[in-house]
*Asks:* 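I have a structure here, written as C-alpha cells, and I will follow up with some questions on it.
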Number of protein chains: 2
Amino acid sequence: MRKGIIKESPRLEDVAKRAGVSLSTASKALHDNPRVSAKTRQLVQRIAHEMSYTPNALAQSLINGMSGTVGLVTSDMSGRFCTQIMMGAENVLGSKSISVLLTNARNDPTLEAMHIRKLLSLRVDGLILMGRETDPRPSLSEDIPVPVVYAYAPSENPQDASVTCDNVDAGRMAVGHLLSCGRRRIAIIGGDPSFSAATDRTQGSLDALDEAGLEPVGPIRYGTWDGSWGRGATRLLLDDPDLDFDAIICQNDQIARGCIDVLKERGLKVPDDVAVIGHDNWKEIVDVARPTLTDLDNRAVDIGRRAAEMLIDAINGHPHHGVELLKCKLIQRESTVPLE
Amino acid sequence: MRKGIIKESPRLEDVAKRAGVSLSTASKALHDNPRVSAKTRQLVQRIAHEMSYTPNALAQSLINGMSGTVGLVTSDMSGRFCTQIMMGAENVLGSKSISVLLTNARNDPTLEAMHIRKLLSLRVDGLILMGRETDPRPSLSEDIPVPVVYAYAPSENPQDASVTCDNVDAGRMAVGHLLSCGRRRIAIIGGDPSFSAATDRTQGSLDALDEAGLEPVGPIRYGTWDGSWGRGATRLLLDDPDLDFDAIICQNDQIARGCIDVLKERGLKVPDDVAVIGHDNWKEIVDVARPTLTDLDNRAVDIGRRAAEMLIDAINGHPHHGVELLKCKLIQRESTVPLE
DNA sequence: ATGAAAGCGCTAACAC
DNA sequence: GTGTTAGCGCTTTCAT
C-alpha cells in the first residue's frame, strides 16, 4: 500500500490508466517524445493536467543521478552580504530551474559540516559556501563529492573556485574618485584591522595616492566597523591642529555615517569643506545620510550571481579554479560632488 | 551501468559487500535495528564511515513518502522582513533537521505559482508563503496538496494558517509608552496609507489615546515609508503655529529618522523637547540615529519561527487555522527617555 | 541474526 | 506507436 501521511498526489500510473495507455507511453507522451502519436500525447497531457499530475522529482532524480538542486550554505543570514549573495545566486539558479536548498551554518564550522552532510545526502548537484568576510577560509572541497564554489570568503586552496570582491581595487577607486573631484588632502579611516577588507582597501588607497605622488593626511587609524568608531576617528582627525584635509575615505558606511555626523556637528560642510566616501553601499545608511553618501558597492548580488554561474559550469564539467575578483562599483552621490 | 556526471558516492550495496553482509542487514545495521548482532552492526557502521557513505535521501524519501524538506517562497528577498522570517523559519526547521528549499517569487503571482509547482514536484512536506506586507493575500491552499502557512501576509481565507504581527497593538503600545514617559501631546506621522500596517497602527494609537481621554495633536498625515516623507511631514507639523506637541509617533524607522533630523535642524532636542518613537526596529537606522531610536519591533524572526512551528504541527497532522497575531515588542532607547 | 525479494515512482532500453 | 521489463538506492516484510 502507498504510504505518506498527507494527501496523495496522483502517480504517472494513475494518469496512464485513465488515459488507457501504458506507463511508458504516458511517460513518453509527457516528455514530448516523438514516438507517440500526437493524439495520445495530447490525450495524456490533458488528463495529466486535469488530475493536476506533478511528476515526482525524487523518483526522476533517483534515475538520472542528478537532483536539480544545489545547496547554499550561509554563515550569517542576518548580515546583508550573505543575503544579497543568496539573492544573486537564487536568481540565476532559479532561472535555470535549479532549486536552492538553503542552510544557515551560523559561522560555526561544525554546524557547517553537518549541513553539508545533510545536503549531500539530499544529493545536491553542487554547493555554494558563503562566508561573511572576505578573508580566506579553509577548503572543504576534498571531502565533498560535488562541485563547490566559495563566495565572498574565498577558499585557501587555489585549486578551488572562489568569487569575492576586489577590495584593493576598491581602495584605489576611492582615491581615484576623490582626486578627480579635485581633492588632494585625503585622510583615511580604517575599519577593523583584523579583516582583510580593511587592510586591502588601505593598500589600494595607498597605492593610488602614491601613484599620484601623494600621501594620506594623518595616520590611518583602525577600529571597528561601526558608527561610533567613525565618530571617534573623525574627532581625532579634527582635533589634530597639524592636519588639513579636504576628503575622508571611510572603510565602510557606518563609519562614514558617524564621520559625517561629527563633521556636521563641528560646523563643517560636506562635501564643500570635506568630501566623504564610504564602502559597502549599505542602502539604508547611504540614502538616509545628508548629504547622501558616495560609495563603493562591492556588488554582493553579482558575487552570488557569478558564484552560481561558476557552479553551473562546474556541474556541467567545466570547473573554475582560483579566486575571481569582482571589481567594485563607484556610486556617485552627494557627499563628494566636485567643488564648483 | 550507474549514471551521473560527477563522482559517484558509495551505495549501501558497496558498504554491504565490503562488510560481507547482505544489503538488508547493512541497512538494519545502520539503523540500529536490534535484530542485527552488535558485532555486525559495529562492523557495518565502521565500514560505512570509512567509505564516508551517505545514504541517498532521495531513495529514502521515495520509500517513506516524505522528503524531509519544506519550501519557503519569499516575495522579496531584498526587503529585510522576508530575510528575517526566513532566518527564523530556517532556525526551527534546521533544528528539526528539515531542509529548506528557498525560492524567490519577486512578488509575482505567476512566478510564485511556478515555484510552488517546482517545490511540489520535489515533494516538499509543506510550504511557507512569505509576503512582504501585512495585507492579506489570496489563498492558494486549495490547489496545494501539502500544508501551507502564510507568514507576514496572511491568507484571505480564515481556514488557512497565517502568522503576522499585531500592528493595531503596536500602535497602542507606542502611545502607551509615550504616555508612561509623561507625554500628553502626541502627534502621529503615518506611513503609506495603502498598507494595512499604516492604518492598523493608526487605529491602535487612536484607541489608546482615546482610552486616555486624549486626541492626537494635529492631523494624521500619510505619505510614503521613506525618510524624505518623515522630513516633510515633520516640517508640516513644526510649521503649524497652532500645534504644540511633545512626542511624535513615526510609523516606521525611515520616517523617524527623517523626523529626528528635521527636529534637530530646527534646534529642538530629542527627547527633551520632543520624544520620537519608530516602528520596525530597523537596526541600521535605529542604532545609528542620534539619539538612538525607541522602537516597536515586529519580531519578524519570531514570525518565521512560529510559521515553521505551525507548519511542522500541520505536517504532523495538527493543522492550525486562522491568523495568529504576534505582539510587537517595545525596544526602549534614547529617543523617548522620560523627562527628568 | 541474516538474506532474498518486493516495491517506492519513474525512465529508458528493448521488443512487438 | 505502444507495451514490457529492468533498474535508480533504499527499506521492509517475510523466510530461513
Side-chain angles (χ1 to χ4, degrees), chain A residues 1-45 48 51 53-68 120-125 145, chain B residues 1-45 48 51 53-68 120-125 145:
Chain A
M1 218 215 2
R2 296 174 64 200
K3 296 207 198 160
I5 317 283
I6 318 290
K7 266 178 273 179
E8 296 292 342
S9 357
R11 299 155 304 160
L12 183 54
E13 188 187 333
D14 304 326
V15 176
K17 277 215 180 89
R18 270 242 232 159
V21 298
S22 79
L23 201 57
S24 60
T25 303
S27 172
K28 286 168 196 144
L30 290 180
H31 285 266
D32 288 320
N33 185 319
R35 283 162 39 156
V36 299
S37 69
K39 209 179 169 102
T40 21
R41 187 182 22 177
Q42 281 159 17
L43 174 69
V44 172
Q45 293 189 350
M51 303 175 71
Y53 165 75
T54 314
N56 187 326
L58 271 42
Q60 297 183 137
S61 305
L62 194 53
I63 292 169
N64 70 19
M66 309 226 72
S67 64
L120 290 177
S121 91
L122 286 164
R123 292 301 187 263
V124 292
D125 299 332
Chain B
M1 217 209 10
R2 295 173 65 201
K3 296 206 198 160
I5 317 281
I6 317 291
K7 268 178 273 181
E8 296 293 341
S9 357
R11 299 154 304 160
L12 183 53
E13 187 188 333
D14 303 326
V15 176
K17 277 217 179 86
R18 271 243 231 160
V21 298
S22 79
L23 201 57
S24 58
T25 304
S27 173
K28 286 168 197 144
L30 290 181
H31 285 267
D32 288 320
N33 186 319
R35 280 158 41 149
V36 298
S37 69
K39 209 175 167 108
T40 19
R41 186 181 24 177
Q42 280 159 19
L43 175 69
V44 172
Q45 292 190 350
M51 303 176 70
Y53 165 75
T54 314
N56 187 327
L58 271 42
Q60 297 182 137
S61 305
L62 193 52
I63 292 168
N64 70 18
M66 308 225 72
S67 64
L120 290 177
S121 91
L122 286 165
R123 292 302 187 262
V124 291
D125 299 331

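Chain identifiers are assigned alphabetically (A, B, ...) following the order of the sequence lines, protein sequences preceding nucleic acid strands; residue numbering begins at 1 within each chain.
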*Asks:* Compare all side-chain heavy atoms of B:Asp32 with those of B:Arg41 and state whether any distance is below 4.5 angstrom.
*Replies:* yes
*Asks:* Given atom CG of B:Leu62 and atom C1' of C:dT11, what is their separation to the nearest angstrom?
*Replies:* 13 Å
*Asks:* Of the options C:dG3, D:dG9, D:dG3, whose atoms approach the side-chain atoms of B:Val21 most closely?
*Replies:*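 Closest of the options to the side chain of B:Val21: C:dG3.
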*Asks:* Side chain of B:Ser37 only, please: which of D:dC10, C:dA1, D:dC8 is the nearest?
*Replies:*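 Taking heavy atoms from C-beta onward, the closest nucleotide is C:dA1.
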*Asks:* Of A:Arg123 and A:Leu23, whose closest DNA chain D nucleotide lies nearer the 5' terminus?
*Replies:*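 Between the two, 5'-proximity favours A:Leu23.
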*Asks:* Could you tell me how far apart A:Arg35 (CZ) and C:dA12 (P) are, to the nearest whole angstrom?
*Replies:* 11 Å
*Asks:* Rounded to whole angstroms, how far apart are CE on B:Met51 and P on D:dG9?
*Replies:*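 The answer, rounded to whole Å, is 13 Å.
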*Asks:* Measure across B:Ala59 and A:Leu62 and return the closest heavy-atom pair with its distance rounded to 0.1 Å.
*Replies:*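 Residues B:Ala59 and A:Leu62, closest heavy atoms: CB-CD1, 3.9 Å.
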*Asks:* Can you check whether A:Leu12 reaches A:Leu30 side chain to side chain, under 4.5 Å on heavy atoms?
*Replies:*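 Counting from C-beta outward, A:Leu12 and A:Leu30 do come under 4.5 Å.
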*Asks:* Going by the side-chain hydrogen bond (donor to acceptor under 3.5 Å, both in side chains) test, name the single residue among B:Arg11, B:Lys17, B:Arg18 that passes it with B:Asp14.
*Replies:* B:Arg11
*Asks:* Under 4.0 Å from any atom of DNA chain C, heavy atoms only: list the residues of residues 25-33 of chain A that qualify, in numerical order.
*Replies:* A:Ser27, A:Lys28, A:His31
*Asks:* Tell me the interatomic distance from B:Leu122, atom CG, to C:dG9, atom C1', rounded to whole angstroms.
*Replies:*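 Rounded to the whole Å, the gap is 14 Å.
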*Asks:* So, does the side chain of A:Ser24 form a donor-acceptor pair with the base of D:dT4 at under 3.5 Å?
*Replies:*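 Indeed there is one.
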*Asks:* Expressed in angstrom and rounded to an integer, what is the separation of B:Glu13 atom CD from C:dG3 atom P?
*Replies:*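 Going from CD in B:Glu13 over to P in C:dG3 covers 13 Å.
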*Asks:* Whole Å only: how far is the CG atom of B:Asn56 from the C1' atom of C:dC8?
*Replies:*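 Value for this atom pair: 13 Å.
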*Asks:* Give one of base, sugar-phosphate or nothing for B:Thr40, where a contact means two heavy atoms less than 4.0 Å apart.
*Replies:*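 Result for B:Thr40 = sugar-phosphate.
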*Asks:* For C:dT11 and A:Gln60 - does any side-chain N or O of the residue sit under 4.0 Å from the phosphate oxygens OP1/OP2?
*Replies:* yes
*Asks:* Nearest whole angstrom, please: distance from the P of C:dC10 to the CG of A:Asn64.
*Replies:*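 So the CG-P distance, A:Asn64 to C:dC10, works out to 14 Å.
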*Asks:* Let me know the distance between CG of B:Leu58 and C1' of D:dG7, rounded to the nearest Å.
*Replies:*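 B:Leu58 atom CG is separated from D:dG7 atom C1' by 16 Å.
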*Asks:* Kindly say if B:Ser61 contacts the phosphate of C:dC8, meaning a side-chain N or O under 4.0 Å from OP1 or OP2.
*Replies:*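 Negative; the distance criterion is not met.
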*Asks:* How close do A:Ala57 and B:Leu122 get, counting heavy atoms only, and between which atoms?
*Replies:* CB-CD2, 3.8 Å
*Asks:* What pair of heavy atoms forms the shortest contact from A:Val44 to A:Ala19, and how long is it?
*Replies:*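 For A:Val44 and A:Ala19, the tightest heavy-atom pair comes out as CG2-CB, 4.1 Å.
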*Asks:* Want to settle it: does B:Ser22 or A:Ala59 sit nearer the 5' end of DNA chain C, counting the closest nucleotide to each?
*Replies:*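 Its nearest nucleotide being more 5', the pick is B:Ser22.
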*Asks:* Compare all side-chain heavy atoms of B:Leu58 with those of A:Ser61 and state whether any distance is below 4.5 angstrom.
*Replies:*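 With C-beta onward as the side chain, the pair touches.
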